[in-house]
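Letters A, B, ... are given to chains in the order of the sequence lines, protein chains preceding strands, and every chain is numbered from 1.
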There are 2 protein chains.
Amino acid sequence: MTDETPGLSPEELGAYFAVMEVSSLLQYAVDAHLRAEGDLSYVQFQILARLVDAPDGRLRMTDLADGVVYSRSGLTYQAGLLDKRGLITRSSSPDDERVIVVTVTDSGRGLVARVLPGHVADVRRLLFDPMATGDLAALSEVLGRVRAHMRATPPRSAKPRAKRRGAG
Amino acid sequence: MTDETPGLSPEELGAYFAVMEVSSLLQYAVDAHLRAEGDLSYVQFQILARLVDAPDGRLRMTDLADGVVYSRSGLTYQAGLLDKRGLITRSSSPDDERVIVVTVTDSGRGLVARVLPGHVADVRRLLFDPMATGDLAALSEVLGRVRAHMRATPPRSAKPRAKRRGAG
DNA sequence: CCTACTTGCTTCGAATTCGGAACAGGAGAA
DNA sequence: TTCTCCTGTTCCGAATTCGAAGCAAGTAGG
């Protein structure tokens, strides 16, 4: 793999850095607002938003984990916090006693409804306001392709001996 | 601000989610590889890469912090780890005794050179391979505008009473 | 029925991050 | 000079994350 590494062109390098910086700044700003308005971290908001969007407001722990956190234990921790605040409830599934079904409470729905307008306004102000006509379509097109490719390429296969210690 | 929140169109929502998911998966995959190949976290690699790219391989702590971490203390922690491994050195500036100048060692340069090909290959495989002709230019164009807008809009002004506790 | 294997979630220990407090070196005014 | 800010770094406590290990529940084979 030392022979065929053509490197990245300046434009590729700039695009790579731009993706990382934009997402980082966006998440940081959005997270700060969510904490200020609803005392919610970005991860907690994502969990609640997913539940609100789900049929009957119920999802299994495993389904919730996908795309939000990269470990089950992290979700257990966050679910514990949300449960303690009365924003969700957890109960065993009658079909499969192993499965924990998470349900949004009315309080949780109310909190999401209360912080959602500000959240949307933040995203619009930071991400979409500076865009020109056609930028949105172009961005969706490109990132849609990239996302589909990433989902089809599980990252696990590439790191057989990654010895990560602690939080990433 | 409750009257004028038109929400986000489905395409905007999709683009927003795509940005967050792509960057998250990309960072996760790249981080895993950096740890496997050089026992470096993504943040540590960013610090070393910045130093290698800087004139004389030297930067002040404050300049390093901008864009890498969101707190000075976090940079101090990482600099301590890199210093302990002999990848950087820290010394006071003769001009201003307050300033700490960070310098990459030969060992640090060697490590960056060793992990850079794999890092570049990861970025290419995950981010650029699925792109079609013209996608790169479009992405650079859009995100360049967004990034410039974000840099001109400091996030501090929008969260006067954010009471964050611990890591974000 | 009983044993082996898999799946789903939680507990535990370690690592990383942040904000604020504390500390030290310069710059300017009287 | 001395006093008062300002800049820059480090220390500390709290919060969040991950991986590994442990435990309960379901599934397949004999």
Practice prompt. Could you go through the salt bridge (charged side-chain N to carboxylate O under 4.0 Å, His left out) check for Asp53(A) and Arg50(A) one step at a time?
Written response: CA-CA 5 Å; Asp53(A) 205 44; Arg50(A) 274 182 178 242; over 6 Å; no
Of all pairs that satisfy salt bridge (charged side-chain N to carboxylate O under 4.0 Å, His left out), the ones with a partner from [range], not counting sequence neighbours:
range: residues 134-146 of chain B; result: Asp135(A)-Arg145(B), Arg145(A)-Asp135(B), Glu141(B)-Arg145(B)
range: residues 99-115 of chain A; result: none
range: residues 88-100 of chain A; result: Asp83(A)-Arg90(A), Asp96(A)-Arg98(A)

Worksheet item: Less than 3.5 Å between a donor and an acceptor, one on the side chain of Ser71(B) and one on the base of dG19(C), is that the case here?
Response: no
Fill in: Qualifying ring pair (Phe, Tyr, Trp, His ring centres under 6.0 Å) pairs, either residue in residues 86-122 of chain A, two or more places apart
Phe45(A)-His119(A), His119(A)-Tyr16(B)
Practice prompt. Write out all pairs satisfying ring pair (Phe, Tyr, Trp, His ring centres under 6.0 Å) with one or both partners inside residues 121-152 of chain A, taking only residues at least two apart or from two chains.
Written response: none
Worksheet, complete the sentence: Sorted by position of nearest nucleotide on DNA chain C, 5' first, the leading residue of Gly74(B) and Tyr77(A) is Tyr77(A)
Practice prompt. List for me each residue that meets side-chain contact (heavy atoms from CB on, under 4.5 Å) alongside Glu11(B), sequence neighbours excluded, and say none if there are none.
Written response: Leu136(A), Ala137(A), Ser140(A), Ser9(B)
Worksheet entry | Within residues 43-53 of chain A: residues closer than 4.0 Å to DNA chain C (heavy atoms) | none
Practice prompt. Would you mind classifying the nucleic acid contact of Leu81(A) as base, sugar-phosphate or nothing, using non-hydrogen atoms under 4.0 angstrom?
Written response: sugar-phosphate
Practice prompt. Find the distance Leu40(B):CG to dT16(C):C1' and express it as a whole number of Å.
Written response: 15 Å
Worksheet, complete the sentence: Expected string for nucleotides 4-9 of chain C under the B/S/- scheme (protein heavy atoms, under 4.0 Å, primed atoms plus P, OP1, OP2 as sugar-phosphate) is ---BSS
Fill in: side chain to side chain donor-acceptor pair (under 3.5 Å) partners of Ser23(A), counting only residues at least two apart
Ser23(B)
Worksheet entry | Glu97(B), nearest nucleotide to its side chain (from dG26(D), dA20(D), dG25(C)) | dG25(C)
